[in-house]
There are 2 protein chains.
Amino acid sequence: MTVEQRPIASAGGLRELKKQRTRDALLRVALELFTTKGYEQTTVDEIADAVDVSQRTFFRYFANKEAVVFAAQDTVEWHFVDALRERPSAEGPFTAMRRAVLSAWDTIEERLSPVVPVTLYMRTYQVIESTPALLAVHLRRSAELEEHIARLIAEREGLDIDADPRPRVAVAAFTGVMRVAGGLWGQGEDPSVAAIRELTAGYLDHLGPALADDWRA
Amino acid sequence: MTVEQRPIASAGGLRELKKQRTRDALLRVALELFTTKGYEQTTVDEIADAVDVSQRTFFRYFANKEAVVFAAQDTVEWHFVDALRERPSAEGPFTAMRRAVLSAWDTIEERLSPVVPVTLYMRTYQVIESTPALLAVHLRRSAELEEHIARLIAEREGLDIDADPRPRVAVAAFTGVMRVAGGLWGQGEDPSVAAIRELTAGYLDHLGPALADDWRA
DNA sequence: TTGTCAACTGTCAGTGGCTGACACTAGCCT
DNA sequence: AGGCTAGTGTCAGCCACTGACAGTTGACAA
């Protein structure tokens with residue numbers, strides 16, 4: 001190479017920059033393939049070939065095939081956790097979680113687009129929901145996130161999570177409803193952020209009434 | 001073979017009996033290996049060899065390695081669904097689910113022991129909870145079961161499940177709490193039916209209070 | 001500029017889960 | 001007794017994933 005006397009890298013030298021480029025290329029190519037021809041119909045070899053690296057290199061960037069799929073999902077989930085952290089402590093736990101979700105959806109674009117185009121993420125989420133193997137992993141990851149959130153809530157309320165079951169119980173109920181909303185959104189035909197935002201809000205409104213034992217009111 | 005002039009098979013001839021025997025042997029050997037040396041440390045070849053069949057035959061009885069693990073779990077889950085079906089329609093949805101779970105645990109022994117010894121099932125459940133790959137599948141299966149239960153509840157209450165969100169929401173909250181209890185039981189040191197029964201009941205009691213937005217009451 | 005070190009990559013060989021194809025064996029039924 | 005067919009073993013092959021080793025290429029100091 002003759003050009004590139006001065007590496008423009010954001011953090012560190014040329015080496016770091018090349019790594020970021022490779023990772024980014026693998027990520028985008030993979031998601032593009034997954035969303036067009038399906039997750040299971042896409043082999044790791046195809047992804048690696050498209051980016052002109054060896055299969056072995058793919059596995060040095062991503063622990064396994066699934067990891068690519070959840071790279072974007074990860075950003076979205078931490079965005080919610082951050083939003084929850086910023087909720088004033090005066091809000092009750094349930095109110096805080098509810099408002100955190102809604103505010104997270106409102107600001108997801110700026111957080112996500114540097115990682116991956118938002119529409120590509122949306123399509124990826126639909127792939128997750130419709131691919132059994134991915135859905136399974138997604139649910140396990142959600143369970144881990146749930147535990148994390150429960151600890152956050154316990155802290156907020158100054159409770160010992162091992163002594164008081166309410167944090168875990170409240171979070172379980174909350175994320176259960178979220179999952180139902182996410183599932184229906186995945187099946188529906190409006191893959192927009194606004195759509196899932198509204199669906200979520202609506203379903204959360206029904207949690208209280210649904211737990212009352214007499215539904216004929 | 002010279003003996004066995006008269007096949008004792010319950011349903012059908014000798015062929016059917018041999019099949020049942022093989023399936024049963026594969027199931028028990030597999031669970032025994034999984035619980036002693038771990039799921040991922042056990043290869044399908046080992047299981048097949050221990051039963052003196054080829055690997056190919058194993059895959060004719062079980063769709064994949066996981067399927068063995070969930071054979072017993074399946075029985076337990078349907079036992080709960082049956083218990084729910086038997087709840088008088090006068091009971092509200094939440095009461096019905098709660099009582100169904102408790103009554104299901106009370107009668108699990110007779111239902112399960114023909115399939116697999118109860119203690120072996122208990123140990124298997126701990127393997128599921130502690131093996132990421134299995135936990136993922138377990139959670140996806142639970143989600144399917146959840147949908148099934150939601151439809152049952154909707155029927156009970158004479159509601160259209162696509163119009164009224166309450167069935168899915170209530171079931172999501174309910175099973176969310178169940179999962180928390182199951183997880184803690186898996187980590188705990190008392191692997192008895194009684195233990196999980198009590199843990200479940202206790203956690204369900206906390207669902208109402210946990211959803212109130214002010215926990216300082 | 002050059003040389004050394006360390007990081008990154010490719011190649012290769014191998015394991016384990018899983019599948020299709022085909023030939024063989026053994027219950028079943030007439 | 002003999003034909004039919006369900007069930008099995010063998011074999012070859014795909015794909016995800018891993019360890020080992022050797023080659024290459026940035027980084028950094030002399």
Side-chain angles (χ1 to χ4, degrees), chain A residues 1-26 29-30 33-34 37-70 131-134 136-137, chain B residues 1-26 29-30 33-34 37-70 131-134 136-137:
Chain A
M1 297 217 192
T2 109
V3 205
E4 269 194 316
Q5 305 106 336
R6 182 179 51 104
I8 328 102
S10 45
L14 178 70
R15 204 173 236 164
E16 205 63 28
L17 186 134
K18 275 193 175 180
K19 267 170 53 176
Q20 265 177 266
R21 267 216 255 275
T22 306
R23 195 193 137 87
D24 211 63
L26 284 172
V29 164
L33 285 171
F34 291 162
K37 48 179 289 192
Y39 176 75
E40 285 166 345
Q41 284 66 48
T42 306
T43 67
V44 173
D45 279 323
E46 284 179 271
I47 302 166
D49 286 352
V51 183
D52 272 311
V53 296
S54 68
Q55 195 213 49
R56 195 69 182 82
T57 292
F58 173 93
F59 284 112
R60 286 197 250 256
Y61 280 94
F62 299 95
N64 45 49
K65 195 181 165 188
E66 303 152 9
V68 199
V69 177
F70 292 102
T131 307
L134 293 179
V137 173
Chain B
M1 298 218 190
T2 113
V3 206
E4 273 197 310
Q5 305 105 334
R6 184 180 49 107
I8 328 102
S10 46
L14 180 72
R15 206 175 233 163
E16 205 63 27
L17 187 134
K18 275 194 176 179
K19 265 170 55 178
Q20 266 176 262
R21 268 217 255 275
T22 306
R23 196 193 136 87
D24 211 63
L26 284 171
V29 164
L33 285 170
F34 292 161
K37 49 179 289 191
Y39 176 75
E40 284 165 345
Q41 284 65 49
T42 306
T43 67
V44 173
D45 279 324
E46 286 180 89
I47 301 166
D49 286 351
V51 183
D52 271 311
V53 296
S54 68
Q55 193 211 51
R56 196 66 182 82
T57 292
F58 172 93
F59 284 113
R60 285 199 251 258
Y61 281 94
F62 299 94
N64 45 51
K65 194 180 167 187
E66 302 151 11
V68 199
V69 176
F70 293 102
T131 307
L134 292 180
V137 174

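Below, chains carry the letters A, B, ... as their sequence lines are ordered, and counting in each starts from 1.
The interatomic distance linking B:Leu17 (CG) with C:dG27 (C1') rounds to 12 Å, in whole Å. Distance, B:Ile47 CD1 to C:dC18 C1': 14 Å, rounded to whole Å. If you measure from atom CZ of A:Arg21 to atom C1' of C:dC8, you get 16 Å, rounded to the nearest angstrom. Computed from coordinates, the A:Asp52 CG to C:dC8 C1' distance equals 16 Å when rounded to whole Å. In this structure, the CD atom of B:Gln41 is 17 Å from the P atom of C:dT15, given to the nearest Å. Taking atom NZ on B:Lys19 and atom C1' on C:dG27, their separation rounds to 12 Å, with Å as the unit.
A:Lys37 meets the side chain to side chain contact (heavy atoms under 4.5 Å, CB included) test with A:Leu33, A:Gln41, A:Thr42, A:Glu46; sequence neighbours excluded. For B:Tyr61, there are no ring-ring contact (aromatic ring centres under 6.0 Å, His included) partners two or more places apart in sequence or in a different chain. Partners of A:Phe59 according to the ring-ring contact (aromatic ring centres under 6.0 Å, His included) rule, which considers only residues two or more places apart in sequence or in another chain, do not exist here. Every residue two or more places apart in sequence or in another chain that forms a side chain to side chain contact (heavy atoms under 4.5 Å, CB included) with B:Phe70 is listed here: B:Glu66, B:Gln73, B:Ile128, B:Leu134, B:Val137, B:His138, B:Arg141. Residues passing the side chain to side chain contact (heavy atoms under 4.5 Å, CB included) test with B:Asp24, sequence neighbours excluded: B:Arg28. Considering only residues two or more places apart in sequence or on other chains, B:Ala50 meets the side chain to side chain contact (heavy atoms under 4.5 Å, CB included) condition with B:Val29.
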Scan nucleotides 15-25 of chain D nucleotide by nucleotide, 5' to 3', and note B when protein non-hydrogen atoms come under 4.0 Å of the base, S if they reach only the sugar-phosphate, - if neither.
-> SSBBBB----B

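Judged as a side-chain hydrogen bond (donor to acceptor under 3.5 Å, both in side chains), the pairs with a partner in residues 47-59 of chain A (not counting sequence neighbours) are, in order, A:Ser54-A:Thr57.
Close to C:dT9, at under 4.0 Å from its OP1 or OP2, lies no side-chain N or O of A:Ser54.
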Would you please test B:Tyr39 and B:Val68 for side-chain contact (heavy atoms from CB on, under 4.5 Å) and show each step?
-> CA-CA 11 Å; B:Tyr39 176 75; B:Val68 199; over 6 Å; no

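Nearest approach of A:Phe58 to A:Val44, heavy atoms of both residues: CD2-CG1, 3.5 Å.
When the local axes at the two ends of the helix from C:dT1-D:dA30 to C:dT30-D:dA1 are compared, using 5 base pairs at each end, they differ in direction by 0° after rounding to 10°.
Residue contacts for A:Tyr61: at a heavy-atom cut-off of 4.0 Å it reaches the sugar-phosphate backbone alone, with no base atom in range.
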